[in-house]
Amino acid sequence: HLMGSGSGPCGIQGPAQTGRGGGPSHFRTRKIGTQNKQKEQRDFKDMPPTETKTEPTALLDLNRTIDIINSEEKEMGIGFFIPNFHEHRTLYFYGGVNLEKGLTEHMPQDSIVFTLDENQNYTTTYAPPWLVPAQLKLDYGIIHFKALGVGHDFVMVETNAKDTRKSYLNKNKGTLVTWPEYILSMNSVEPIDKSSQKIHIKPLDHAGEVQAVFDIITPLLVKGEWLYGILQKDDRTETGKGWVRWCKEGNILITYSPFS
């Protein structure tokens with residue numbers, strides 16, 4: 001699992017980073033990228049260059065949200081990279097990156113091109129057929145890539161959530177959001193296994209348990225491997241508050257959703 005030197009619990013690293021010179025990010029706490037509705041190194045899997053397309057290709061299922069995949073084989077990463085496609089309409093994918101050289105010394109291998117449709121909703125005129133972001137719902141302004149590492153000019157991301165394909169993106173064309181901040185931006189979270197994941201009165205395994213029936217948790221605070229939140233029924237009726245482990249030893253222990 002990718003932990004990284006100097007990383008905290010579950011590989012958490014540093015604060016969110018906003019790209020230099022990329023203008024204001026469209027990341028906002030509690031809701032990520034919803035303005036449009038309200039307003040490789042060679043050992044990576046090869047991604048051959050693709051000719052530029054000038055007509056709509058509809059290669060992305062724009063309304064699909066990827067199921068959360070949690071397994072020991074997948075890297076948890078350091079958070080998520082959220083492209084600022086409001087200001088940067090073309091996002092380039094790089095492979096075979098020499099991290100000792102700058103961005104301008106590299107040639108992109110592929111790209112995704114964003115545009116507005118007749119209803120002023122974001123869509124794409126071209127996207128690689130292998131592209132499967134961690135979260136995708138462009139009509140809500142959402143396209144999120146799991147971030148696996150970060151350098152001076154590049155961020156290493158997972159570009160296919162099913163086969164763990166990796167690539168590099170220009171770090172300055174979006175915002176790097178750490179796991180804690182990403183979780184706090186979610187509408188709700190849920191333990192993967194409620195029968196074994198107990199809610200505690202303190203962020204300790206031996207602390208007393210909170211006896212409450214709930215469906216979802218609204219996150220309020222992330223502290224290390226623990227999350228503190230409001231326990232609620234599906235109708236948002238509060239039934240209590242407490243702490244639950246959201247990760248352990250590089251594995252995610254919760255599911256999360258940015259939608260109501």
Side-chain angles (χ1 to χ4, degrees), residues 1-22 25-27 32-33 40-50 60 66 68-85 88 90-112 114 127-136 142-183 247 249-252:
H1 303 292
L2 184 66
M3 298 297 289
S5 60
S7 61
C10 294
I12 300 170
Q13 297 184 355
Q17 299 183 31
T18 302
R20 302 186 301 272
S25 165
H26 61 285
F27 170 77
I32 296 183
E40 174 187 310
Q41 297 177 350
R42 291 298 179 190
D43 58 336
F44 291 165
K45 298 185 180 181
D46 290 334
M47 298 184 302
T50 307
L60 277 183
I66 302 302
I68 304 304
I69 304 172
N70 298 285
S71 71
E72 294 182 358
E73 290 74 27
K74 292 181 66 64
E75 296 181 47
M76 176 179 168
I78 59 176
F80 291 82
F81 183 73
I82 303 173
N84 184 356
F85 54 80
H88 308 288
T90 302
L91 184 68
Y92 293 103
F93 299 98
Y94 298 83
V97 165
N98 182 340
L99 295 174
E100 296 180 14
K101 294 184 177 181
L103 177 74
T104 57
E105 299 180 78
H106 295 83
M107 288 292 292
Q109 289 188 331
D110 218 324
S111 65
I112 177 172
F114 301 94
W130 42 259
L131 187 64
V132 184
Q135 295 277 355
L136 176 64
I142 292 178
I143 178 170
H144 302 164
F145 294 94
K146 182 192 291 184
L148 304 177
V150 60
H152 292 291
D153 296 309
F154 295 98
V155 56
M156 181 196 296
V157 300
E158 181 182 82
T159 49
N160 189 304
K162 294 181 178 179
D163 67 11
T164 66
R165 186 190 299 256
K166 302 176 180 68
S167 185
Y168 289 91
L169 299 175
N170 182 347
K171 185 178 70 174
N172 302 317
K173 295 298 179 70
T175 301
L176 179 61
V177 183
T178 62
W179 267 107
E181 290 174 306
Y182 193 76
I183 290 173
C247 73
E249 298 175 352
N251 292 311
I252 301 296

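Small disclaimer: the values here were computed from a predicted structure and weren't measured.
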- Might you point out which heavy atoms bring Ala147 and Val155 nearest each other, and give the distance in Å? CB-CG2, 4.1 Å
- Message: Could you walk me through whether Gln109 and Ser167 satisfy the side-chain contact (heavy atoms from CB on, under 4.5 Å) test, starting with their C-alpha distance in whole Å, then the side-chain angles of each, then the deciding distance to 0.1 Å, before giving a yes or no?
- Response: CA-CA 9 Å; Gln109 289 188 331; Ser167 185; 5.7 Å; no
- Quick one: pull up OG1 in Thr159 and CG in Leu148 and give me the separation to the nearest 0.5 Å. 9.0 Å
- Query: What is the minimum heavy-atom distance between Ala134 and Ala161, and which atoms define it?
  - Reply: CA-CB, 4.4 Å
- Message: When you compare the side chain of Glu75 with that of Lys166, does any pair of heavy atoms fall below 4.5 Å?
- Response: yes
- Smallest heavy-atom separation, Phe145 atom then Glu158 atom, equals CD2-O, 3.6 Å
- Would you indicate whether the side-chain heavy atoms of Trp179 and Cys247 approach each other to under 4.5 Å? no
- Of the non-hydrogen atoms in His106 and Phe154, which two are nearest, and what is the gap between them? ND1-CZ, 3.7 Å
- Query: Residues two or more places apart in sequence or in another chain: which of them pass ring pair (Phe, Tyr, Trp, His ring centres under 6.0 Å) with Phe81?
  - Reply: none
- Message: Assess the residue pair Asp163 and Trp130 against the criterion (side-chain contact (heavy atoms from CB on, under 4.5 Å)); give the C-alpha distance rounded to whole Å, side-chain angles, the decisive distance to 0.1 Å, and a yes or no.
- Response: CA-CA 9 Å; Asp163 67 11; Trp130 42 259; 5.9 Å; no
- Query: Are the side chains of Ile112 and Phe85 in touch, meaning some heavy atoms are under 4.5 Å apart?
  - Reply: no
- Note on the structure: What one should report as the nearest heavy-atom pair of Asn172 and His88 is O-NE2, 4.2 Å
- Item | Closest heavy-atom pair and its distance - Met156, Tyr168 | CE-OH, 3.3 Å
- Query: Do Ile78 and Leu176 come within less than 4.5 Å of each other through their side chains, counting heavy atoms only?
  - Reply: yes
- If you measure from CD on Glu181 to CZ on Phe80, what distance do you get to the nearest 0.5 Å? 12.5 Å
- Item | Interatomic distance, Leu91 atom CG to Asp110 atom CG [nearest 0.5 angstrom] | 10.5 Å
- Query: Is the number of heavy atoms from other residues, nucleotides or ligands within 6.0 Å of CD (Glu100) greater than 12?
  - Reply: no
- Rounded distance [0.5 Å steps], CG in Leu131 versus CD1 in Ile143: 5.5 Å
- Message: Assess, by modelled atom type and distance only, whether the side chains of His144 and Tyr182 contain a donor and an acceptor separated by less than 3.5 Å.
- Response: yes
